[in-house]
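Structure first, commentary second.
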Amino acid sequence: MSPTPPQRDAVSLLVDALATYRLVKLVKDDKIAEPVRDRVVEAQGPPDRSKVSYLVHCPWCLSIYFGAAVTLARHRWPGPTALVSRSLALSSMAGLASLHLEKH
């Protein structure tokens, strides 16, 4: 297996970082995940009293787990992970761009 060029490593890192960001936003903020967040709080208690509830509301906490999952997936299944990460990264970029453009 040939070594990965540094430029490709940098691009993969950026794509995976944006994919991780999107996964965090999905779980922490998106309306589609709200029922799951609500069920966690209902079952475990409020975030200030439950580590599990805190986890689904904490972007720093979620990013560790999603970052590790994306990293492991890219190592184990590089092709499929690249496709999924790229889609998530594009979604991140579109969301960030719309936030920025809507302010101006």
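The basis for the numbers below is simple: all heavy atoms, side chains too, and nothing from hydrogens, waters or symmetry mates.
The two residues Pro46 and Ser53 have their closest heavy-atom pair at C-CB, 3.9 Å.
In this structure, the separation between CD on Glu42 and CG on Asp38 is 8.0 Å, given to the nearest 0.5 Å. We find the OG-NE2 distance between Ser98 and His100 to be 11.0 Å, quoted to the nearest 0.5 Å. With rounding to the nearest 0.5 angstrom, the CG atom of Leu18 is 9.5 Å from the CG atom of Leu13. Separating the CG atom in Leu26 from the CG atom in Leu88 is a distance of 8.5 Å, to the nearest 0.5 Å. Rounding to the nearest 0.5 Å gives a distance of 8.0 Å between OG of Ser85 and CG of Leu23. With rounding to the nearest 0.5 angstrom, the CZ atom of Arg37 is 8.0 Å from the NZ atom of Lys28.
Under a hydrophobic-cluster definition in which Ile, Leu, Val, Met, Phe, Trp and Tyr are linked whenever side-chain heavy atoms come within less than 4.5 Å, directly or via other members, Leu90 and Leu83 are assigned to different clusters.
Remark: Arg22 engages Asp30 in a salt bridge, criterion side-chain N to carboxylate O under 4.0 Å. Salt bridge present: Glu34 and Lys31 bring a charged side-chain N and a carboxylate O closer than 4.0 Å.
Every residue meeting the side-chain hydrogen bond (donor to acceptor under 3.5 Å, both in side chains) condition with Lys25, not counting sequence neighbours, appears here in chain and number order: Asp29.
Put simply, the side chain of Thr81 never gets that close to the backbone of Pro78: no donor and acceptor are under 3.5 Å apart. With Ser92 contributing its side chain and Tyr21 its backbone, the two residues share no donor-acceptor pair below 3.5 Å.
Between Arg74 and Val15, some side-chain heavy-atom pair lies under the 4.5 Å cut-off.
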Tell me which donor-acceptor pairs under 3.5 Å the side chains of residues 59-66 have, and how far apart each pair is, sequence neighbours excluded?
| from | atom 1 | to | atom 2 | distance (Å) |
| --- | --- | --- | --- | --- |
| Ser63 | OG | Pro59 | O | 3.3 |
| Ser63 | OG | Trp60 | O | 2.8 |

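The neighbour count for Arg86 CZ, taken as heavy atoms of other residues, nucleotides or ligands under 6.0 Å away, does not exceed 12.
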